[in-house]
Every structure is written in C-alpha cells, then in structure tokens.
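As structure tokens, the structure follows; a few thoughts come after it.
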Amino acid sequence: MDLGELRNQIDEIDSEIVSLYEKRMDVCGKVAEYKIENGKKVFDRVREEEKIRAVKAMTHNDFNRHGVGELFEQIMSMSRKLQYRMLSEQGALGKLPFIGMKKLDTKQARVVFQGAEGAYSQAAMAQYFGDKIESFHVDTFRDAMSAIDEGSADFAVLPIENSTAGIVSEIYDLLVEFENYIVGEQIIRIEHCLLGVPGAKIGDIQKVYSHPQSLMQSARFLSDYSWQQISMKNNAFAAQKVMEDKDPTQAAIASEYAGQIYGLDILKKGVNQSSTNSTRFIIVTNQKVFLEDAQKISICFEIRHESGSLYRILSHFIYNDLNMTKIESRPIEGRNWEYRFFVDFEGNLADSAVKNALRGLREEAANMKILGNY
C-alpha cells in the first residue's frame, strides 16, 4: 500500500469513530435525564475506574493499553460535561450561595488594613474607598482577617501579589482558613522614596530603615552608600520611627504617601530598581456577595495525588471556554507533598458557563472553595 491508501483507511476509521462517539453521547444524554429524574450525582468514580480497567484489558500491548485508558478518560470527561450542561438547562444545578449586588454598601463601613499609618495598604484603601472612609490598622494579616471575621470591621485591604516579588503566600493560606471572601481589588504602583526628617540631606544619612523586601528592591541605589541597613516589619513603621526619633542621620525607605503622613522630606524618589513594580491588593469581607458586573473569579481546590488529576480538573475551564488567568499552589499543612491549587479565571457567578464549570469542579475536586467574584 502507498501512503495515500493508508490515509484513506485512516479517514474511514475516523468517520466510524465520529459516528460511534455521537451515538455514545446520545446515550449519555439519556443517562443524564435519568440522573436528573432520580437525583443522582453525575460523577461516579468507582464506575469510571471499573470502565477504564475493562477497556484497557481489551487491548493487545502496553502502548495501546495506555492510549485506550487516556482516550476513555477523555470520553468520560466529555460525557460528564454534557451531563452538567443538561443539569444546568433543567435548572438542576442549584443556586450558588453568593448574592449579587449592584454596588458594595460602604456607608458607615469600617475598613481594616495591616501595618501602620502610611502603609501601602492604606494608600490602596484610600484609592478604593476614598479618603473619608473610617479605618483602623492592625499588626498582622491574621489580625485583619480576624477583624472582619468577628465583625469589628466590614472590609479588609490585604496585599496578595507583587509584580516582582510574587505572591504573598500567607494571604492565600488565610483565605482558606477564614470564611472571608474577595469582593474587589486595587493595584498600587510601588515607588519607594528615601525619607528623612525636615532639613536632612543625603550626606547626613548613616542608617536606613525599611522592610527587608524594600531594602532588597533598592539594593542598586543603596550599594552607592555605606549606610547601615536595618530591617523593619513594615515600611510605614520605618517612616514612623524616623519621625519619632527626629534624627537627621536616619532615613526610611517607604512611599511618598508615608512621607506625607509623617511629615518627612523626600530625599530621593524612585530608589527601587523597577519602574514597573506594582502590588495587587484584595478587598475582603465576611459576606458571600459579589458585584453584578464582576469579571474575575478566584477559587481553590485539592485534588487526588495521582497522574493526570490536575489535567482533568483544568479541562472544565477549557470545555466551558473560560480563560484561566492565574494558577498557584500551596502545600497542604500536615500532608507531605500534597498541594492546594488557587486559580483565577474570567467570568461572573451568574454566567451559565461558570456554573457548569464550578459544578464539575465541585464534584470532581476535594474541598473546592469559591474565594470571591470581583
């Protein structure tokens, strides 16, 4: 046989495969109707595992055994997605426990942020809520989450990601631990300034205070001087110390906003290396609400520690034509080498495609949680 004849044979076989696939999906539709009428779950792990073993046993070599197993995993995955869509069309998906709102109720709201007066978190809060919002600050991210969890604050402003330093891993862990939800975000451009007491000059400086990350981000500038570098837990605390000590030999690396708060002079702007450094802050509350025009959803989930499990889970985004914009993983405490995944994707909780995807994810993943729609 020549290549053309072989390709003709493949075309005929492919035609049969397509015909058989459509017949199978017709039957799957009838299965979905039965499950809807009888209130049965779509995903039956035991049945699917038995089916995979059975079709693998029909093959004649190891290569085909592996290929047929992968093929039928995909076929059954498509069958489940058809069933989820039919459930949605029949109104059998149920309502998500989130309430849509036209706008957030911020009248008489109290907002908490981590750090001291003048922190970047406070600047993000002012940009999102306005300067007149009632606010207070706490020492740690956990304190901020506890404040909204207990009701002493209505919203919290927390940094979750920096464009150069990456994610703030503690925030991801706290979003799992607390029943608090993301309702908004604010991106702040990070421009570190060298701040001193009024009248101080760069030539006077002997010590510089800042957060370790800010010192690192300003390493190129600092390498030109032999100043003692002292770490602080927050840039705003550094600015506060310089203001309180009133020592012209001390400086802080912090934001221009912090300089205004503490009445410090800007000795030099933009001392950090990157001119595109930004931090993304999330707005968190303890209510399951979302804005009706929200376009980003954050979720987290756990999956079985086995080959292909993440691939199968992510197929729900592909099938429902949802654009996944971010994925991160965090180790699960007490379970060595197992991970919890955090995913951001575009969409709104009211969208049918989103409902379909979330239904599939909830049935097939472990401990799936919607972190917010914003």
### Task
Give, for atom CD of E177 and atom CG of D149, the distance between the pair rounded to the nearest 0.5 Å.
9.0 Å

### Task
Return yes if some donor-acceptor pair links the side-chain N/O of S163 with the main-chain N/O of S278 below 3.5 Å, else return no.
yes

### Query
Heavy atoms, side chains only, cut-off 4.5 Å: are F178 and S146 in contact?
yes

### Query
So, the side chain of Q122 versus the backbone of G118: is there a donor-acceptor pair under 3.5 Å, distance only?
yes

### Summary
Looking only at heavy atoms, the pair that brings R340 and I332 closest together is N-CG1, 3.5 Å

### Message
Would you say that R47 contacts E49 through its side chain, given a criterion of any heavy-atom pair below 4.5 Å between the two side chains?
### Response
no

### Message
Whether the side chain of N38 engages the backbone of K40 through a donor-acceptor N/O pair (distance < 3.5 Å, no angle test) should be reported.
### Response
no

### Task
Would you give the length of the straight line joining atom CE of M145 to atom CG of N286, rounded to the nearest 0.5 angstrom?
10.5 Å

### Query
Can E292 and K103 be counted as an ion pair, charged N to O under 4.0 angstrom?
no

### Task
Find out whether V27 and R24 are in side-chain contact, i.e. whether some heavy atom of one side chain is under 4.5 Å from a heavy atom of the other.
no

### Euclidean distance, F221 CZ relative to D224 CG, rounded to 0.5 Å
7.5 Å

#### Entry: Distance-minimising heavy-atom pair for Q114 and A119
O-CB, 4.0 Å

### Query
Less than 4.5 Å apart, any side-chain heavy atom of K207 and any of T249?
no

### Query
Short question: side chain of N235, backbone of H211 - any donor-acceptor pair under 3.5 Å?
yes

### Query
Is the backbone N or O of I190 less than 3.5 Å from a side-chain atom of N277, with the two atoms forming a donor-acceptor pair by type?
no

### Query
Taking all atoms of both residues into account, what is the closest heavy-atom pair of W337 and H305, and its distance?
O-CE1, 3.2 Å

### Query
Is the backbone of D247 close enough, under 3.5 Å, to the side chain of D245 for a donor and an acceptor to pair up by distance?
no

### Query
Do V208 and L222 come close enough that some side-chain heavy atom pair is under 4.5 Å?
yes

### Message
Between K326 and E328 (salt bridge meaning N to carboxylate O under 4.0 Å), is one present in this structure?
### Response
yes

### Message
Aromatic contact between F98 and Y181, with the criterion being ring centroids under 6.0 Å apart: yes or no?
### Response
yes

### Message
Measuring only between side-chain heavy atoms, which start at C-beta, is I160 closer than 4.5 Å to F281?
### Response
no

### Query
Could you give all pairs that pass the ring pair (Phe, Tyr, Trp, His ring centres under 6.0 Å) test and reach residues 17-55, with sequence neighbours left out?
none

### Summary
d(T279 OG1, E161 CD) to nearest 0.5 Å is 9.0 Å

### Query
Are L82 and I318 linked, directly or through other ILVMFWY residues, by side chains that come within less than 4.5 angstrom of each other?
no

### Query
For the side-chain contact (heavy atoms from CB on, under 4.5 Å) test, which of T325, I297, V354 pairs with E346?
T325

### Task
State whether the number of non-hydrogen atoms from other residues, nucleotides or ligands found under 6.0 Å of I202 atom CD1 is greater than 12.
yes

#### Entry: Other residues, nucleotides, ligands: >12 heavy atoms within 6.0 Å of K35 NZ
yes

#### Entry: Distance-minimising heavy-atom pair for Q213 and A165
NE2-CB, 3.4 Å

### Message
Under a 4.0 Å threshold between the charged nitrogen and the carboxylate oxygen, would E48 count as salt-bridged to R80?
### Response
yes

#### Entry: Check: N61 main-chain N/O paired with N64 side-chain donor or acceptor under 3.5 Å
no

### Query
Are S231 and Y209 linked by a side-chain donor-acceptor pair shorter than 3.5 Å?
no

### Message
For D26, is there an ion pair with K23 - N to carboxylate O distance below 4.0 angstrom?
### Response
no

### Message
Under a 3.5 Å distance rule, please check whether D265 uses its side chain to pair with a backbone N or O of L267 as donor and acceptor.
### Response
no

### Task
Check A251 against I205 and note the closest heavy-atom contact, atom names and distance.
CB-CD1, 3.7 Å

### Task
Determine the sole option in E364, E306, Q74 for which the side chain to side chain donor-acceptor pair (under 3.5 Å) test with R312 is passed.
E306

#### Entry: Cluster overlap I282 with L104, hydrophobic side-chain contacts below 4.5 Å
no

### Task
Please check if the side chain of N373 supplies one atom and the backbone of G347 the other of a donor-acceptor pair under 3.5 Å.
yes

#### Entry: For V176 against K369, the heavy-atom pair lying closest together
O-NZ, 3.7 Å

### Query
With a 4.5 Å heavy-atom cut-off, do Y262 and E117 have their side chains touching?
yes

### Message
Could you check whether atom CG of D131 has more than 12 heavy atoms from other residues, nucleotides or ligands sitting under 6.0 Å from it?
### Response
no

#### Entry: Residue pairs passing the ring pair (Phe, Tyr, Trp, His ring centres under 6.0 Å) test where at least one lies in residues 144-172, sequence neighbours excluded
F129-F155, Y172-F342

### Task
Could you tell me whether the side chain of P331 reaches within less than 4.5 Å of the side chain of E338, counting heavy atoms only?
no

